[in-house]
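Every number for a ligand or one of its atoms is a count from 1 in the order of the listing. FYI, side chains are in, hydrogens and waters are out, and symmetry mates aren't considered; it's all heavy atoms of this structure.
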Amino acid sequence: MRMVDIITKKRDGKEISDQEIQFFVDGYVKGDIPDYQVSAFLMAIVFKGMNTKEISTLTKLMMHSGDIINLDSIKGIKADKHSTGGVGDKTSLVLGPMVAACGLKIAKMSGRGLGHTGGTLDKMESIPHLKIEIDEKDFIKQVNEVGLAIVGQSGHLVPADKKLYALRDVTGTVESIPLIASSVMSKKLASGSDTILLDVKFGSGAFMKDLNSARELAKTMVAIGKSLNRDTRAILTDMEQPLGLAIGNSLEVQEAVLTLKNKGPSDLVNLCLEAGAIMLVQGKVVSTLDEGRKKLQEVLENGQAFLKLKEMVVAQGGDVTYLDDLSKFPTAKNIIALKSKKAGYISKIEALTIGECAMRLGAGRKTYADKIDMAAGIVLKKKVGDRVEVGEVLCVLETNGDEYIHILEDVLKAFIIVDKKVSLPPIVHEYIK
Ligand code: URA
């Protein structure tokens, strides 16, 4: 078999056989097939797509390219969730403790971020001494004892995705439904949980720019999960504006803590109640979504959800005093309030622009080698639907850098203000199961 024949076959829109996909995955992981051929193949997939059978074969082969985590020694149903990523997305840090406080076991492996802001792991690292590299034995022990662990992926989980994702990142081949679906699902399936909830975001700050493509991605991933007998469901959620108010690593951890203390912004709270209710149904903790929402509201009100986060932080060696006293988190040198030049109603807060500006303030990485400034970011004071007057603060920028004038101008452009009242968009648009 020759890689060039597989490339031309896909270039011409033909179906690739299971054997050909195996030849490609094995050959690339072993280093027998060079990056330039794989780049061409990936671009052919971007343009010609893959059918369900091809995607499912690719996912299974990627999943088996490295370790498969066995969670059998954890009692009960193990649940996992995954977000396709967005601006201000600190959902895992809120949802994990909420559902674990309701009795569901969460064994979650997360990633780091590239672009906008950090990933869940980067955010967690703003809590001093918190360990995220935990070996499998301790990870399983923690989930059994605490009911919740969020850790870094084991070094040998889906090596095929590690290589492919790094290449896609620099060859313009990230935005492809077959490639995103196989990348996400190979990692989720290899992580060993019984149930998977996918939070597929759409809008300016997401990979999927519109509801239709988010729906297609969600359906593709749900079908892959089901074909491997995992209870896999998805929600399609709004990423036209940032989620919650905080964008930036330590700022998002602080917002997660406030949310767990029942003082969170309404879009984040609603998302966690809806997603959490589905997870509780999947985990057979409750039998209806309504029952789930009530249980989750209870753990927010009685402090058990916040307590669960603290238990996890203690188990992973983190300094829990930061969670009790948020003023201990370091603040940035420059804190700049951005005021509105116009009165009216906020109709849009361009999520991608806000994410990119947060990154330029120091909150994200341009390359994997970049260091994140944990204190940097943006805190919104207004959200879509809010009324604003001239001179009122739209948001606050926090940075240790001194070159922020152009960033301020760009953030201001991200706020679209109109004369007419704007209705609030729902956060969860669809539930797919
Ligand atoms: N997240 C992933 O893990 N993979 C993708 O391809 C896109 C987002």
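Exactly one of Leu130, Asn249, Ile372, Ile132 qualifies for a side chain to side chain contact (heavy atoms under 4.5 Å, CB included) with Glu125. That residue is Ile132. If you run side chain to side chain contact (heavy atoms under 4.5 Å, CB included) between Met185 and each of Leu198, Ile55, Asp161, only Leu198 comes through. The side-chain hydrogen bond (donor to acceptor under 3.5 Å, both in side chains) with Asp231 is formed by just one residue from the set Lys226, Lys284, Lys433, Gln282; it is Gln282.
Looking from atom 5 (C) of ligand 1 to the surrounding protein, the closest heavy atom is Tyr165 CE1, 3.2 Å. For atom 8 (C) of ligand 1, the closest non-hydrogen atom of the protein is Phe207 CE1, 3.2 Å.
When the shell of 6.0 Å around NZ of Lys163 is examined, it contains more than 12 heavy atoms from other residues, nucleotides or ligands. Residue Lys141 qualifies as open at atom NZ: its count of foreign heavy atoms under 6.0 Å is 12 or below.
Between Asp161 and ligand 1, no N or O atom pair is found at a separation short of 3.5 Å. For ligand 1, one of its N or O atoms has an N or O atom of Lys187 under 3.5 Å away.
For ligand 1 and Ser183, the ligand atoms under 4.0 Å from any heavy atom of the residue are 2 (C), 3 (O), 4 (N), 5 (C), 6 (O).
Using 4.0 Å as the threshold, Val184 has a heavy atom nearer than that to some atom of ligand 1. For Ile180, the heavy-atom gap to ligand 1 drops under 4.0 angstrom.
Nearest heavy atoms, Val146 versus Ala315: CG2-CB, 4.0 Å.
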